[in-house]
Amino acid sequence: MSDFGIVVMAAGKGTRLKSARPKVLHAVGGKALLLHVIDAARTQVSAADILVVVGHQAAQIQAAAAPTGVRFVLQPQQLGTGHALQCVRDWYAETGTTPPTHLIVLSGDVPLIRPETITALRTTHLKQNAAMTILTAIPPDPTGYGRVLRKQDGSEDVSGIVEQKSLSEDELATPERLREINSGIYAFRTSALFDRLGKLANTNSAGEFYLTDIAAMLVHDEERVVAIAADSVDEVLGANTIAEMMHLDASFRERSAARLMAAGVTIFRPDTCVIDASVQVSADTVIEPFVQLLGATTIGANCRIRSFSVIENCTIGEGVLIRNGCILTDSTVGDGAQLGPYAHIRPESQIGARAHVGNFVETKKTTLGEGSKANHLAYLGDATIGAGSNIGAGVITCNYDGVHKHRTTIGDGVFVGSDSTLIAPVTLESGSYVAAGSSITEDVPADALALGRARQVTKAGWASDKRAAARLAEGNGR
Ligand code: UD1
Ligand code: CA
């Protein structure tokens, strides 16, 4: 039997969101709400001691959270937060699992909660020998939240929680008296909670079984109910509407930008950048306004990322210049490479050290070797290109025959003239040349020149003859 277990409530419908996607799978800071909460919970207990209550769109939520190793409790109908905990109580009974002495309850839609705060909740709960400890905050606008009533001002003892929907006319008329909100995060002595869940009633305006009613029941039974205020209001804000989510998202982005700036990264106008919490950037890199750095992206030192670039799941070396408007996904870029403006680096591309990829060049599943250059208007798909090769303007690897994809292999020091089409599968060996405007259908041996186009015909005087003939015809017509 462990001391503490954690319950994450995530079964609710999220009606206020007006979205087909389950609320707790909406992302803020580039990660689903529920996964933020599970990450925080994981800092406290092992994954097997975390129970996630699922109900509405349970299968989708379980699929998203299962890789974390947490366990799931089904709440088949969502009859309120009190009912969610009834399902947890029944799960322990039905599975024959001994419940932990204390249960921490987190909300799947309160994602900014910090591990330190859960630790503080736990410590207070034990120190005060409480049956229930409520995490609270005093936000500028408490509308929509349940309010925590303290026995006296300044006392840690609580007399109850009143839901927004149950506030009386009097209470609504004097909002300054009821500014302390219930975060929806609690610690309970498990037996004190489980003994009372059966007595909850749903005789309120929402017709739900409110977990919050347990507070007054405990007080009535002379059990201790205490409140502890979170250090920052932001970390207990709920995400019930898209607007609230975007507010939380902005907080995450601010945290990410602040973290990188503290590590020596320059970010101009950080408020315009979208940076996920998982992104790593080394010192002396400069990020210009309106850049997005997403997913598992790592950027080395001394890079410059110019405006309007979107980089997702990429590993970028040191001293890389990414000019305006580049899109990079699931790829790697070596030290000192230069990209863009407007380069499109699609998945599984490997851009070598000091390579150049210029404007309107698209790569996909392509390796561009060290120091190779494709500076203008090219499509390089399913290609392996060696070092020091030069890919001219408008070169296209024709990798698709309508049924299958084929590879193009280009050696070191190859020169591919502008506007050539390389019809895969095809190999250009090291040191070879391809004349501009060629269609290459056969392999080119090392150090050879390949021409794959019609020879030019030049007709002397043709143009002046044509003009003279035209003038003559005009005169006859008059
Ligand atoms: C709840 C609290 C409120 C508090 C607020 C903080 C209650 C009655 N009220 O209100 O005092 O200020 O959180 O954010 O608890 N859920 C289930 N099963 C259900 C209903 C809800 O698992 O049957 C889950 C939801 O998915 C959500 C969490 O419980 O993650 C809270 O439910 P929600 O409906 O958002 O409660 P609030 O109205 O925000
Ligand atoms: Ca909520």
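Just so you know, residue 1 is the first one in the sequence shown, and it goes up from there.
Taking 4.5 Å as the limit, some side-chain heavy atom of Leu106 sits within range of a side-chain heavy atom of Ile6. For the pair Asp231/Thr117, no side-chain contact is recorded, criterion being any heavy-atom separation below 4.5 Å from C-beta on. By the 4.5 Å heavy-atom criterion applied to side chains, Asn375 and Val361 are not counted as neighbours. Looking only at side-chain heavy atoms (C-beta outward), Leu33 and Leu25 stay at 4.5 Å or farther from each other. Using a 4.5 Å heavy-atom threshold, the side chains of Leu328 and Val310 count as separate. Counting heavy atoms from C-beta on, the side chains of Pro270 and Glu254 never come closer than 4.5 Å. Counting only heavy atoms from C-beta outward, the side chains of Phe194 and Pro99 approach each other to under 4.5 Å.
No donor-acceptor pair closer than 3.5 Å links the side chain of Arg306 to the backbone N or O of Arg323. A donor-acceptor pair under 3.5 Å is formed between the side chain of Ser349 and the backbone N or O of Arg346. Proximity of a side-chain donor or acceptor of Ser331 to a complementary backbone N or O of Cys314 within less than 3.5 Å is not detected. Of the possible polar contacts, none joining the Thr384 side chain to the Thr409 backbone as a donor-acceptor pair under 3.5 Å is found. Listed for the Thr133 side chain is no donor-acceptor partner under 3.5 Å among the backbone atoms of Val225. With Thr297 contributing its side chain and Leu293 its backbone, the two residues share no donor-acceptor pair below 3.5 Å. Of the possible polar contacts, one joining the Thr397 side chain to the Tyr379 backbone as a donor-acceptor pair under 3.5 Å is found. Listed for the Asn182 side chain is no donor-acceptor partner under 3.5 Å among the backbone atoms of Gly146. For Arg71 (side chain) and Ala48 (main-chain N/O), a donor-acceptor pair under 3.5 Å exists by modelled atom type. Checked by atom type and distance alone, the side chain of Asp276 pairs as donor or acceptor with a backbone atom of Gly295 at under 3.5 Å.
The stretch residues 212-229 participates, sequence neighbours left out, in these side chain to side chain donor-acceptor pair (under 3.5 Å) pairs: Gln128-Arg224, Asp157-Arg224, Glu163-Thr212, Arg189-Glu223, Arg196-Asp221. For the ring pair (Phe, Tyr, Trp, His ring centres under 6.0 Å) condition, the pairs that include at least one residue of residues 27-63, sequence neighbours left out, are His36-Phe252.
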Requested in this report: Take Leu218 and Leu193 through the test side-chain contact (heavy atoms from CB on, under 4.5 Å) and record every step on the way to the result.
Outcome: CA-CA 9 Å; Leu218 288 165; Leu193 170 66; over 6 Å; no
Query raised in the report: Run the side-chain contact (heavy atoms from CB on, under 4.5 Å) check on Leu321 and Cys303 step by step: do they pass?
Result: CA-CA 6 Å; Leu321 171 61; Cys303 295; over 6 Å; no
Report task. Walk me through it: do Val70 and Leu51 pass the test side-chain contact (heavy atoms from CB on, under 4.5 Å)? Result -> CA-CA 6 Å; Val70 298; Leu51 295 182; over 6 Å; no
Report task. Check the pair His83, Gln75 against side-chain hydrogen bond (donor to acceptor under 3.5 Å, both in side chains), reporting the backbone distance first and the verdict last. Result -> CA-CA 8 Å; His83 179 248; Gln75 184 191 14; 2.9 Å; yes
Query raised in the report: Yes or no on salt bridge (Lys or Arg N to Asp or Glu O under 4.0 Å) for Asp39 and Lys31, after CA distance, side-chain angles and deciding distance?
Result: CA-CA 11 Å; Asp39 278 355; Lys31 193 160 73 178; 2.5 Å; yes
Query raised in the report: Stepwise, does the side-chain hydrogen bond (donor to acceptor under 3.5 Å, both in side chains) test hold for Arg21 with Gln57?
Result: CA-CA 8 Å; Arg21 197 148 34 108; Gln57 292 173 302; over 6 Å; no
Requested in this report: Decide side-chain hydrogen bond (donor to acceptor under 3.5 Å, both in side chains) for His26 and Ser19; before the verdict, give the C-alpha distance in whole Å, the side-chain angles of both, and the deciding distance to 0.1 Å.
Outcome: CA-CA 9 Å; His26 275 256; Ser19 161; 2.9 Å; yes
Query - Evaluation steps, side-chain hydrogen bond (donor to acceptor under 3.5 Å, both in side chains), between Glu312 and Thr329 - result: CA-CA 5 Å; Glu312 182 162 14; Thr329 312; 5.3 Å; no
**Report entry** Stepwise side-chain contact (heavy atoms from CB on, under 4.5 Å) check, Val279 with Leu294
**Finding:** CA-CA 7 Å; Val279 169; Leu294 309 173; 5.7 Å; no
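The line from CG of Leu85 to CG of Leu211 is 5.0 Å long, rounded to the nearest 0.5 Å. Taking OG1 of Thr97 as the start and CG of Asp49 as the end, the distance is 10.5 Å to the nearest 0.5 Å. Note that CZ of Arg42 is 11.5 Å distant from CG of Leu35, once rounded to the nearest 0.5 Å. One distance of note links CZ of Phe4 with CD of Gln44; it measures 9.0 Å at 0.5 Å rounding. Going from atom OH of Tyr342 over to atom CG of Asn359 covers 9.5 Å, rounded to the nearest 0.5 Å. Of the inter-residue distances, the one linking Ser309 atom OG with Arg304 atom CZ reads 11.5 Å to the nearest 0.5 angstrom.
The two atoms that bring Val291 and Ser307 nearest to each other are CG2-CA, 4.1 Å, heavy atoms only. Considering all non-hydrogen atoms of both residues, Tyr210 and Leu200 come closest at O-CD2, 3.4 Å. Contact record, Gly238 with Val110: CA-CG2, 4.2 Å, taken as the closest heavy-atom pair. Scanning all heavy atoms of the two residues, the minimum distance from Gly55 to Ala11 falls at N-CB, 3.4 Å. Summarising the geometry of Leu368 relative to His356, their closest heavy-atom pair is CD2-O, 4.0 Å, with the distance given to 0.1 Å. Closest approach of Val233 to Pro139, counting heavy atoms only: CG1-CB, 3.6 Å.
With respect to the salt-bridge test (charged N to carboxylate O, under 4.0 angstrom), the residues Asp109 and Lys23 qualify. For the pair Asp335 and Arg354, the salt-bridge criterion is not met [side-chain N within less than 4.0 Å of a carboxylate O]. Salt bridge status for Glu348 with Lys364: absent, with no side-chain N to carboxylate O gap under 4.0 Å.
When the shell of 6.0 Å around CZ of Arg407 is examined, it contains more than 12 heavy atoms from other residues, nucleotides or ligands. Other residues, nucleotides and ligands contribute only 12 or fewer heavy atoms inside 6.0 Å of the NZ atom of Lys365.
Exactly one residue among Thr266, Thr298, Ile299, Ile267 makes a side-chain contact (heavy atoms from CB on, under 4.5 Å) with Val281. That residue is Ile299.
Tyr186 and Phe188 have tilted rings, their planes meeting at an angle from 30° to 60° on a 0 to 90° scale.
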